[in-house]
Amino acid sequence: MSYIEVEPVKGSFDEVIGEIASDKSISHRCAIFSLLSDNPSFIKNYLQAEDTLNSLNISKLLGCRIENDGKNVTIIPPKELKEPPHILDCGNSGTAIRLFMGFLASQEGFFVLHGDEYLARRPMKRVANPLRSIGAKIDGREDGELAPISIRGAKLDGFKYESAISSAQVKSALILAGLNAKTTSFYKEFELSRDHSERMLKGMGADISNEDGYIKINPLTKPLKPLEITVPSDPSSGFFFAVLAAITPDSKVIIKDTTLNPTRVEAYKVLKNMGVYVEFVEKENVYEPIGDIVIKHCELNGVTVSENISWLIDELPALSIAMALAKGKSVVKNAEELRVKESDRISSVVESLKKCEVQVEEKEDGYEIVGGELNYAVIDSHGDHRIAMSFLVAGSRCGMRVEDTECINTSFPNFTKILNRFCGVKNGD
Ligand code: S3P
């Protein structure tokens, strides 16, 4: 099993980081939404990581021709979707399996979606059940809760659905089903989740609007315009280096060319509430606002996080490192969704912080951390890329060994190379 050892940072730094991995959510959507057009989509800076390469491969098995030069991708959609002779492998990605479920449930054909051992433990009824209620034929282990998921696609009914969870994956799956439904559909969530799907699909010409608190989805009457997009840097990946600067005295980083979509930069705002200097510099707007984020170390104070949890779901593990070094108590609540991510992130964070001798208490819906110091420990990533990278950043403070680190390749293959600009990093098997 691979591991990474990190040594503490020596001194301070002032760095511009221009090579943060491209946005994972947007890249997945490029691979999937290209299938809704009848013309080639051109995608610059497509994320070349395991999760998003799996999505490209699925689009290929569904009949797309893919040209990938290792940075830019052209997706040439088929005239008609192909019924693939293979299982569609989503690897570690909840986004891929759930969005493809929504898309394929409303397409003619038989499809089987599967993933790795971690994905095979994650709940799928949150997508399968609303799709079944409009006629989708979906099955899987435990009555459709667990992958492998089989789909016998067919034209579905329109829907009016209020989701009890705020999840961009559930929302996007339902929007994709609605685009190929018999009648107009309506979707509501209790708190806005990340909204890349709405923005991108509208940009491609889909008739999606807001009406009385619902997203109104009119079925497509013709193929959409293709995508022409430069994928920005992923703010969730950049956030590891934001925390690195926030916890290192006299240090500063600039994260370049990232999406500044408000549903994606909430964690930076929490850092700001903790006392860190954070500045957003918007430079352009293509589907979304895009620009740089400046982060400078300041003394950290404890914070309570209880709202907009879906905007923080990927960053809470890294935020917990800042909380562990802040003055006073920090509280994370209403965050039970953390339990069904790539790992149970509440128990992974609590277990790992305890190993670092941090005072932390686990709650059903979050945790409470009393800030102090972090100490060297040997951490198990639980196969969760965000846990692995968060505790490697903690290692910049006190040294750390993180085990089971292959998962970093699912979202941020050049993470350790960038981290190595700041502190000693050693890879081992
Ligand atoms: C994602 C949505 C989020 C996030 C995931 C990516 C997406 O999950 O955790 O990494 O691309 O739609 P939820 O659907 O649970 O919000």
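Counting starts at 1 for both ligands and their atoms, in listed order.
Between Thr52 atom OG1 and Ile26 atom CD1 the span is 12.0 Å, to the nearest 0.5 Å.
When only modelled atom types and interatomic distance are considered, His385 and Ser411 share a side-chain donor-acceptor pair under 3.5 Å. Counting only N and O atoms by type, the side chains of Arg264 and Ser236 include a donor and acceptor under 3.5 Å apart. Judged purely by distance below 3.5 Å, without hydrogens or angles, the side chains of Ser172 and Arg98 never pair a donor atom with an acceptor atom.
Put simply, the side chain of Ser185 never gets that close to the backbone of Gly158: no donor and acceptor are under 3.5 Å apart.
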Show the distances, to 0.1 Å, for all pairs joining an N/O atom of ligand 1 and a protein N/O atom that are shorter than 3.5 Å, listing one pair per line.
{"residue": "ligand 1", "atom": "8 (O)", "partner": "Gln169", "partner atom": "NE2", "Å": "3.4"}
{"residue": "ligand 1", "atom": "8 (O)", "partner": "Lys341", "partner atom": "NZ", "Å": "2.9"}
{"residue": "ligand 1", "atom": "9 (O)", "partner": "Asp314", "partner atom": "OD1", "Å": "2.9"}
{"residue": "ligand 1", "atom": "9 (O)", "partner": "Asp314", "partner atom": "OD2", "Å": "3.4"}
{"residue": "ligand 1", "atom": "9 (O)", "partner": "Lys341", "partner atom": "NZ", "Å": "2.8"}
{"residue": "ligand 1", "atom": "10 (O)", "partner": "Asp314", "partner atom": "OD1", "Å": "3.4"}
{"residue": "ligand 1", "atom": "10 (O)", "partner": "Asp314", "partner atom": "OD2", "Å": "2.8"}
{"residue": "ligand 1", "atom": "11 (O)", "partner": "Ser25", "partner atom": "OG", "Å": "2.7"}
{"residue": "ligand 1", "atom": "11 (O)", "partner": "Arg29", "partner atom": "NH1", "Å": "2.8"}
{"residue": "ligand 1", "atom": "11 (O)", "partner": "Thr95", "partner atom": "OG1", "Å": "3.3"}
{"residue": "ligand 1", "atom": "12 (O)", "partner": "Arg29", "partner atom": "NH2", "Å": "2.7"}
{"residue": "ligand 1", "atom": "14 (O)", "partner": "Ser167", "partner atom": "OG", "Å": "2.6"}
{"residue": "ligand 1", "atom": "14 (O)", "partner": "Ala168", "partner atom": "N", "Å": "3.2"}
{"residue": "ligand 1", "atom": "14 (O)", "partner": "Gln169", "partner atom": "N", "Å": "2.8"}
{"residue": "ligand 1", "atom": "15 (O)", "partner": "Lys341", "partner atom": "NZ", "Å": "2.8"}
{"residue": "ligand 1", "atom": "16 (O)", "partner": "Ala168", "partner atom": "N", "Å": "3.4"}

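The 12-atom threshold is exceeded at NZ of Lys125, counting heavy atoms of other residues, nucleotides or ligands nearer than 6.0 Å.
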